[in-house]
Each structure stands twice: as structure tokens, then as C-alpha cells.
Protein chains: 2
Amino acid sequence: MKSAVKLFAQKGFSCVSLGDVMKDAKLTHGAFYAHFDSKQTLYKEAVSAATEHSPLATILRKSEGAFSVDKLVSNYLCHDHVDQKFSPCPLAAFATDTSNQNGETKEAYTKVFTGLIDILESKTDGHINDRESALSLAALLIGGVVVSRALNDKETIDELLAACISKASKLVE
Amino acid sequence: MKSAVKLFAQKGFSCVSLGDVMKDAKLTHGAFYAHFDSKQTLYKEAVSAATEHSPLATILRKSEGAFSVDKLVSNYLCHDHVDQKFSPCPLAAFATDTSNQNGETKEAYTKVFTGLIDILESKTDGHINDRESALSLAALLIGGVVVSRALNDKETIDELLAACISKASKLVE
DNA sequence: GTCTATAGGATGATAGAC
DNA sequence: GTCTATCATCCTATAGAC
């Protein structure tokens, strides 16, 4: 599962074969079906499993009780996250692939998303007062990372990330 | 090319075969290579070609000179765009696939993105004064649509789109 | 330029031994 | 549960007739 999360996030559903996953897990592809029903099932479970080490989960683990929105924003909208130098947010990495998947995968994605929104509303240090702020902030963060990953020009990526960080506070005022 | 844009936007790069494209164009798959070098080349050109009928292009065509930001925001963050009832914005539809493509495709995507930012800065009715506003608004719009497409629950999609519309004005104040 | 036909390779999934 | 081996299918790309 660890291999699946990493590879799916990096290369997408279709560009990762079961052979790739099993190879990364130091097994042969024949052993796959002793663990999962199908590739789709694996992907669906990967969406949920990836939340374990997401940027938000990491911050939650480090903080006791409330955490700072600014900290989440700057940790989320950074080059290391765009380049997947650490375990990425599944909402950004799996969004488009999930659009093309079945209802069960979308359901898993929806649960992760509403989970994020609930945490933003309840666990932040008082800056996020309403659900509208939480929802729009999530869209800005995910959009910023998803677009950055598709861009070629480092300068434009710098500008985009900086602009999103700068303007994020306007959404939660 | 029209078939390619439609299918790639709906199902993604890997889930569309050249046979699918040619079938939609009422041709057989053997004729493909008389028009394009490879599937990757087709995709790269589709990213650029899709801008022709994007929501922004439609608004630009209808308006003379400056256009309203509010109009773009409400036309972009709507169910018909999420469901691709009309020709979608390539920046939202092709973002994640482009991340997994070669440099030429990313270059095409980057050109479309910077083109959008330039238009937001220059052609809007005075609400967008700086590049930071344009960049963050783009991320919010694209993020809102990309996430909505991955969600299963209509109520959550409604909430998300409404929240992004409501908060978009905060980014361009 | 379009067609049929096919090469050549990768992939999801299965079978059966250990 | 893991392995090797294989099936069946799909896909990109090419060849050659018209």
C-alpha cells in the first residue's frame, strides 16, 4: 500500500502497472491478488491511506489542539510539496484521476475532503470561523499545487505559490 | 482535434485510445498518423486547441473590451462546467495529466496559463489590479472545478462552488 | 489521405505448484 | 502468501493497397 500511494501520486492511475507496485514492494506481480481484488480497489484504498502522511496529518500530529492556518498554508504551497519530496496531500495528487474512477473511489475522496474541511473549521486557531472560508481555502490550496505541477517555468511556479500564500489570508479573515 | 479535446478532457490521457479519437472523428485508427506524429503530440496540441472554446474565450468573444470578473467566476464555478456540459477550461481538465507528460506539453500548458493571467490583469473591468490577485483567483477557480469533479456528493459540490464564488471577490479586492 | 491488416509490446487478471 | 507461467486483451505504431 505504501508503494501504491507513492507511485499513484507520482505518476497517476494509468501510468502505474500492478507490476510496478509489486516491484516497488519487493514482490512479484502474481502475489497482488492475495491482497486486493483489483487495481481499482487498490486505488480507492490508496486515496484513504494517503491521508495518514499528508501535510495536514503531519501538522496535526505535531500540534496539540489548535494549529495555525499560516503554517498549513506555507507547508502546503511549497516546492517540496509540488515536487512530492514528502508524502503529498491526496486531494491534490488524486483529484483528476478520481474524476475518472467509479463511485466508490469518489466516495473515498469525498470523505477525505469533508474530513479536511471539518478539521479546518474546528481545529484551527480561531481564524476560520465559517464553512465558506474552509471550503474556499481548500480549493485555493489544492488548485495552487495542481496547477504548479503542470507548469514548466520555475519562475511562474514561484509567483503562483507566493500569490496563493499571500492571498490565502483574505479567504479566512 | 475536436474529438481529441473532448475525449481527453472527459476521460484523461491514458483512458482515451487513438481508436477512440478516430472513431469519434468518424475515421479509422490507421489514418491517425497522417495528421499527428504521436499520441503525445496530439495531447500537447489539444491543450492549446482547447483554449479556443474555453469559458474565458467565450466571455471574451461576447464582450467588447473589458469584461466582468463576477461573470467569469460564476460561469466558471458552475455545475455545467464541472460536468463538462460545455467545452471546459483546459487548465482544469488537463492539469494533472500534464504533470505526467513531457516538457513540451508542460510548455503548452504554461503558455495557456500565463495567457489567462495576462488577460485577467489587462482585460477585466478594473477590479484586478495586480498579478497576485490574478494568480490566486486562477488557482481558486481551477481548484474549485478540479475538486468538484472528484466529489461524489452533490450537496458538497454545491457548497464548494458557492463558497468559491462568494470568496473570489476577496482575492481581487 | 483513408483504408485493412498486423506487428510488437504492455497490462490486468488467473492457474497451479510450493 | 509468494512464486512462475500464461491467458486474453488492448494499445501504439507501422506497412502497404487504393
Side-chain angles (χ1 to χ4, degrees), chain A residues 1-50 52 90 93-109 150, chain B residues 1-50 52 90 93-109 150:
Chain A
M1 176 57 76
K2 199 175 158 186
S3 300
V5 167
K6 183 180 70 178
L7 292 174
F8 280 143
Q10 281 174 357
K11 309 203 286 177
F13 179 77
S14 298
C15 293
V16 173
S17 71
L18 296 179
D20 292 335
V21 175
M22 297 305 278
K23 195 174 171 182
D24 190 272
K26 305 259 165 68
L27 295 170
T28 56
H29 65 281
F32 174 78
Y33 291 91
H35 302 273
F36 302 96
D37 283 346
S38 69
K39 190 183 178 184
Q40 285 202 349
T41 305
L42 174 67
Y43 190 85
K44 180 193 72 181
E45 296 190 22
V47 171
S48 304
E52 189 93 13
F94 299 152
T96 304
D97 270 343
T98 298
S99 312
N100 307 322
Q101 292 278 337
N102 58 25
E104 287 183 19
T105 305
K106 286 190 173 182
E107 197 180 321
Y109 185 97
Chain B
M1 178 55 78
K2 199 175 157 187
S3 300
V5 168
K6 184 180 71 178
L7 291 173
F8 281 143
Q10 282 175 356
K11 308 203 285 175
F13 179 77
S14 298
C15 293
V16 174
S17 72
L18 297 180
D20 293 336
V21 175
M22 297 306 279
K23 193 174 172 183
D24 189 272
K26 305 256 164 72
L27 294 170
T28 58
H29 65 281
F32 174 78
Y33 292 90
H35 301 273
F36 302 95
D37 282 345
S38 68
K39 189 183 178 183
Q40 285 202 350
T41 305
L42 174 67
Y43 190 85
K44 180 194 72 182
E45 296 190 22
V47 171
S48 304
E52 189 93 13
F94 298 152
T96 303
D97 270 342
T98 298
S99 312
N100 307 323
Q101 293 278 338
N102 58 27
E104 288 182 19
T105 305
K106 286 189 174 183
E107 198 181 322
Y109 185 97

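Below, all heavy atoms of this structure are taken into account, side chains as well, without hydrogens, waters or symmetry copies. Order of the sequence lines fixes the chain letters, A, B, ..., with proteins taken first and strands second; residue numbering starts at 1 for each chain.
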Interatomic distance, B:Phe32 CZ vs C:dT4 C1' [rounded to whole Å]: 18 Å

Given C:dG12, D:dC3, C:dC3, the nucleotide with the shortest approach to the side chain of A:Leu27: D:dC3

Separation of atom CZ in B:Phe36 from atom P in D:dC11, rounded to whole Å: 19 Å

5' priority, DNA chain D, between B:Gln40 and A:Ala34 [closest heavy atom]: A:Ala34

Considering all heavy atoms, the nearest A:Lys6-A:Asp24 contact: NZ-OD2, 3.0 Å

B:Val5 versus B:Ala49, closest heavy-atom pair with distance: CG2-CB, 4.3 Å

Touch class at under 4.0 angstrom, heavy-atom based, for B:Val16 against every strand present: sugar-phosphate

Nearest-nucleotide pick for A:Ala31, side chain only, options being C:dT14, D:dT2, D:dT12: D:dT2

Pairwise 5' ranking along DNA chain D for A:His29 and A:His35, keeping only the more 5' one: A:His35

Check: A:Thr96/A:Ser99 side-chain N/O donor and acceptor closer than 3.5 Å: no

Parallel, tilted or perpendicular: ring planes of B:Phe13 versus B:Tyr43, cut at 30 and 60 degrees: perpendicular

Separation of C:dT11 C1' from A:Lys11 NZ (nearest whole Å): 13 Å

Upstream residue (5' side of DNA chain C) when B:Met22 and A:Cys15 are each assigned their closest nucleotide: B:Met22

Closest non-hydrogen atom pair between B:Asn102 and B:Gln40, with its separation: ND2-OE1, 2.7 Å

Of the listed nucleotides C:dT2, D:dA13, D:dT2, the one nearest the side chain of B:Leu18: D:dA13

Gap between atoms NZ and P, on B:Lys39 and D:dC10 respectively (whole Å): 15 Å

Gap between atoms CG and P, on A:Asp37 and C:dA13 respectively (whole Å): 10 Å

Residue B:Ser17, side-chain atoms from C-beta onward, closest of D:dC11, C:dT2, C:dA13: D:dC11

Under 4.0 angstrom between B:Thr28 side-chain N/O and C:dC3 OP1 or OP2: yes

